[in-house]
Enquirer: 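Can you keep this structure in mind? I'll have questions shortly.
None of these values were measured; they are calculated from a predicted model. Throughout, a chain's letter reflects where its sequence line sits, starting with A, and its residues are numbered from 1.
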Amino acid sequence: MMVCTLMEVTATSRHYVDRLFDPDPQNVLQGVIDMKNAVIGNNRQKANLIVLGAVPRLLYLLQQSSSSLELRTECAVVLGSLAMGTENNIKSLVDCHIIPALLQGLLCSDLIFIEACLRCLRTVFISPVTPVQLLYTDPTVIPHLMSLLSRSQHTQEYITQIFAHCCKTPEHQTVLFNHGAIQNIAPLLISPSFKVRMQALKCFSVLAYENAQVSMTLVNVLVDGEQLSQVFVRMMQRDKPIEMQLTAAKCLTYMCRAGAIRTDDNCIVLKTLPCLVRMCSKERLLEERVEGAETLAYLMEPDIELQRIASVTDHLVSMLADYFKYPSSVSAITDIKRLDHDLKHAHELRQAAFKLYASLGSNDEDIRKKITETENMMDRIVSGLSESSIKVRLAAVRCLHSLSRSVQQLRTSFHDHAVWKPLMKLLQNAPDEVLVMASSTLCNLLLEFSPSKEPILESGVIELLCSLTQSDSPALRVNGIWALMNMAFQADQKVKVEIVRALGTEQLFRLLSDPDTNVLMKTLGLLRNLLSTRPHIDQVMSSHGKQIMQAVTLILEGEHSIEVKEQTLCILANIADGNTAKELIMTNDDMLQKIKYYMGHSNVKLQLAATFCISNLIWNEEDGSQERQDKLRDMGFVDILHKLTQASDPNLCDRAKTAMQQYLA
Amino acid sequence: MASQPSDPNKTTPKSQQLFSCDLALSEQEKELNQRLRSLYPAVNEQETPLPRSWSPKDKFSYIGLSQNNLRVHYKGHGKTPKDAASVRATHPIPAACGVYYFEVKIISKGRDGYMGIGLSAQGVNMNRLPGWDKHSYGYHGDDGHSFCSSGTGQPYGPTFTTGDVIGCCVNLINNTCFYTKNGHSLGIAFTDLPPNLYPTVGLQTPGEVVDANFGQHPFVFDIEDYMREWRTKIQAQIDRFPIGEREGEWQAMIQKMVASYLVHHSYCATAEAFAKSTDQAVHEELASIKNRQKIQKLVLSGRMGEAIETTQQLYPSLLERNPDLLFMLKVRQFIEMVNGTDSEVRCLGGRSPKSQDSYPGSPRLFNSPVHKASSSQTYQTSTYYIHKFFFLPAWVKKTLPEGYYKKRDKTTQVSITVSFVLKLIGTPVLTQLSTGPKKYRFLVPIPSHCTAQNNTEVEMEVDHFSNGVSESSSNGFLNGSSTHGIDLEELDSAQSKRQLCGGSQAAIERMIQFGRELQSMSENLRRERGKNSANKKMLKDAFSLLAYSDPWSSPVGYQLDSIQREPVCSTLNSAILETHNLPKQPPLALAVGQAAQCLSLMARTGSGSCAFASVDDYLH
């Protein structure tokens, strides 16, 4: 029975296709019109026709200059109807090269035909299965589309909708921008048609995203004598459709983040921010709440004042707690459809909330406190860290990272909830973006005052961090060495030995020649922390003295920033503080000359560090100080110190005087 | 020209200063009035005045007021919470505001900044900060807590101090309140608020000074935007109100209402076409409609003598039985004589009909015949209907559990009622009726009864209507005129040369004589039917016209305005209809009146949604 009906359908479909090949053009036209009426709203019929090869024939008829305009238009309409079906339909159409054919059709002068082609192109391009790049392959397409914008409200609607969907990369933005997208689309923001206004607005939101060039241009655009930002502000009025409010808020957010609008501008502080907070409210749809929270997080990320305002606006912090209540227990019982809907959005909601919390708490201690005091917040983060969705894990760890900047939270809630455990787990073979955040958070957890430091050490974190320092990603190398540096600060001899062992001198020296200055700085910091307190200095230097001295020489001789050289001289000063380690410098005349050089350097910081080093070498109470003093006097250090006692910098002056006293005593 | 006040430029410097000071004050007053009107258009200030300042009578003695009772300072010892002191505004917040908002600027936080901003009911102890007692609500600056009728606060918002502007918004639709700080909404602070709360501030330590802004200045927070959201919400609620019923019934009812309206105002051609295209029967004979139309046209063009004559011919006993009506028509005739438009003086004046336009002095493109029902009557009928609507869903109450039906439900109920009425009248004017072959567009602007105007006007545009002159003019009034035989060359009184009785001596004499007849008619009436102050005033006002050399620009000159013909016309029309046992008011106008009454009833019963459901909004 089923087979029978299916065959019947196929038979009628075949009939439709056959008619496309009729020798009489009038019959062909009637056939296309009949086909149009047959496929409307009938997905199976659409699929059948595609299978039976209607598409190539329709495209052929559409492209033939011998076809009547009416026929060509009807073909475009039928193709548009076929595109309205399933994603598979779109795939088939794209495979038949429908896009170049329709784009070619746009060159015709007939408006009705152009509109039919555009409608079909629109439907094809907004589908996720269509490669966006197809819009940009022919460089003449974009300028032509721009020129068609003036033709009718329909061309405006379809073209702006295509642009809004097909502008996905900075390159796309540039192409559209260079072809006058802004000047051409701006007037459409006050079009009488809501659809045109809406699509034009969407265009601006995708054009301005992380694009300073576009954003800077936008602020100077006038629409009917009014600044564009004011047009956007009007679109955020509370009686406007939510979609419009949200998209206008996005435009202003992107313009602000791109530096085109100041963060203290009223249109941001009093309009965009409150609008986005409203989008997070329970009254909004789940999708809107996700977008609202993400956009708000992005808007205020770099600005503490916006974070402070948002934190007191409309109970945002507790409003976000609601994002974790999906699917709710009610929806599970009462309504399967709603449960499905909730489940689909649950991950998105959670990650959006974590992102927003992360942004809110990135600078202000009071806000962090408020966030951690929100109901079950720490538990939620902890469970978020081990969720299956990578997006949620990433957002959760971002949130944790933001909160980990608080000394108080590190001491209290972080320890109470043992957040280090899921964090350590997360660090085992996670993708790089998660690793960056997680290791960065770990750096904070390893700070000397953090009570989590001990248990983390015991969990074998050193190996893990050492392996991070070998990563290809500079961010991960920095975080790895940074964490080690924090760990070594005022640590036991045992820990220091373990770090040096696990890292290996070879790796340590490789890091000292790392192209990334941050890595170099943190590595020097690690060395400095390793070389503190006399017994540790002597021990480390006795086993690795030669290599360390080599590395120090190398850096002092190389082209490095003042900060790097200062840090290196500080290491030297630490070495000079050791009992036996001193000799490594005293016996190295080349090194002493370098110190001398830096004492006379034009930068006070370097002078100070070098003087500190000398001061340690000539310190009275230690064995052999007399010999060292004599040798250094012979080398002319006393004269330099004497000169430095006259220095204008009070610190340097004091340091030099203290050193001189060692000779006088 | 009337005498003007002395030229301000010529006053002495001292008084000039005084003058400009007064000017500034009145400027502020003007700004306040303007802002309050635009924020709360639905509030009837005669009934429920808006708060404009703090009350010097309703405060604790430790409170000092200055700067027009807008600045509040503390003048007590401020040692313990027992020294707290509050002041209320002059009036409670009217429900018809829908959304009410005021702001307080902290001029100085004084010693400890123990300031509370909020609301309280009348009679709540003023020796306290707002929020501590029953029916009292406050947000306190020192800890940022909200106090909801309790001595212990809840964490609510940030603290506030010198330089901050704190706003308090009462939503009278859902009975909630939120605060703002420096233009940022802090979120809902209180729910389930009782009605009739007063803006209130409380201070507790020396040096604390705050300024109120009840609308004297622009607000820091964008309250209009918040109101826009609620207006949209309420209107969406009305639009979505289920009309239920069986299919077609709703539309049939609307069509009936429209048809009866057209018939009532004797748009006979339109009515006929409409009835035909919507398959309805017209309940009045066509001839009768035409007769009424003829009379109305005469009245509206100022030809009262002919109008009276025609009425007496067509409805012989009507005016005999209604001597008051006849008197009113005659008074109008007298006025038209002064105007030079009445037929009796026109033929004497012999003026050229050429330079005259269709409806002189009218501010509108078109004025339809208007029913001006004496408002007391309207009121009664309306009330009757409102009660009928209002108690209709009583059974609903019974099915609800005890206690569920509280104030809130009454609110909903009233709002349901009004939205029903609004739908009843709103839909036909909003939607295009696409049933018939022709396309009709109905524009029915009807001022609500709260405004000073008491008349209701209806404007109709009928597209594709081949009758009469409507092709060339969208003016429905002219519709069908060419078929009715009355030669309506139009009459002018004001534009070109305004002369008493059109400038003719004979006409003036006729007018004087007519005035004497009117006087004696009035005396007869009084003898027969007793004193009638309305009649007396009418006559006095009409005669006063003669006391001025230029009656048109005199204080009583408004009577000469052609717009004054409308109430006369509508009263006459209603009287004629009554004799035919037809309603003296069309159901559509009745429904509009009911809706307006319903709204004012909602305002009185404290349901704020009436603020955003103005009948006017639906009648354009």
Enquirer: Check the pair A:R238, B:D222 against salt bridge (charged side-chain N to carboxylate O under 4.0 Å, His left out), reporting the backbone distance first and the verdict last.
Expert: CA-CA 11 Å; A:R238 295 168 83 146; B:D222 191 349; over 6 Å; no
Enquirer: When rounded to the nearest 0.5 angstrom, what distance separates CZ in A:R308 from NE2 in B:H184?
Expert: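 That separation rounds to 13.5 Å.
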Enquirer: Under 4.5 Å heavy-atom distance to chain B, tell me which part of A:K240 shows up: side chain, backbone, both or neither.
Expert: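 Neither part, no heavy atoms under 4.5 Å.
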Enquirer: If you measure from CD on B:E229 to CZ on A:R278, what distance do you get to the nearest 0.5 Å?
Expert: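 Interatomic distance, B:E229 CD to A:R278 CZ, rounded to 0.5 Å: 6.5 Å.
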Enquirer: Listed by chain and number, what are the salt bridge (Lys or Arg N to Asp or Glu O under 4.0 Å) partners of A:R380, not counting sequence neighbours?
Expert: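 A:R380: no salt bridge (Lys or Arg N to Asp or Glu O under 4.0 Å) contacts found.
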Enquirer: Identify which part of B:Y179 has an atom lying under 4.5 Å from any heavy atom of chain A, answering side chain, backbone, both or neither.
Expert: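 Neither part, no heavy atoms under 4.5 Å.
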Enquirer: Starting at CG of B:N182, measure out to CD1 of A:I309 and round the result to the nearest 0.5 Å.
Expert: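 Answer rounded to 0.5 Å: 8.5 Å.
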Enquirer: Can you confirm whether B:Q154 is buried at CD, in the sense that more than 12 heavy atoms of other residues, nucleotides or ligands lie under 6.0 Å from that atom?
Expert: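 Count not over threshold, so no.
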Enquirer: Looking at residues at least two apart in the chain, or sitting in another chain, which of them share a side chain to side chain contact (heavy atoms under 4.5 Å, CB included) with B:I223?
Expert: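 For B:I223 the side chain to side chain contact (heavy atoms under 4.5 Å, CB included) partners, ignoring immediate neighbours, are B:L39, B:V99, B:Y101, B:C169, B:F219, B:F221, B:Y226, B:M227.
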Enquirer: So which atom in A:Q237 and which in B:D225 form the shortest heavy-atom distance, rounded to 0.1 Å?
Expert: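 For A:Q237 versus B:D225, the nearest heavy atoms are CA-OD1, 3.4 Å.
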Enquirer: OG1/B:T180 to CG/A:D314 distance, rounded to the nearest 0.5 angstrom?
Expert: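 Result: 10.5 Å between the selected atoms.
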Enquirer: Is it the backbone or the side chain of A:V277 that comes under 4.5 Å from a heavy atom of chain B, or both, or neither?
Expert: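 Neither part, no heavy atoms under 4.5 Å.
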Enquirer: Where does B:K233 contact chain A at under 4.5 Å (heavy atoms): side chain, backbone, both or neither?
Expert: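 Side chain only.
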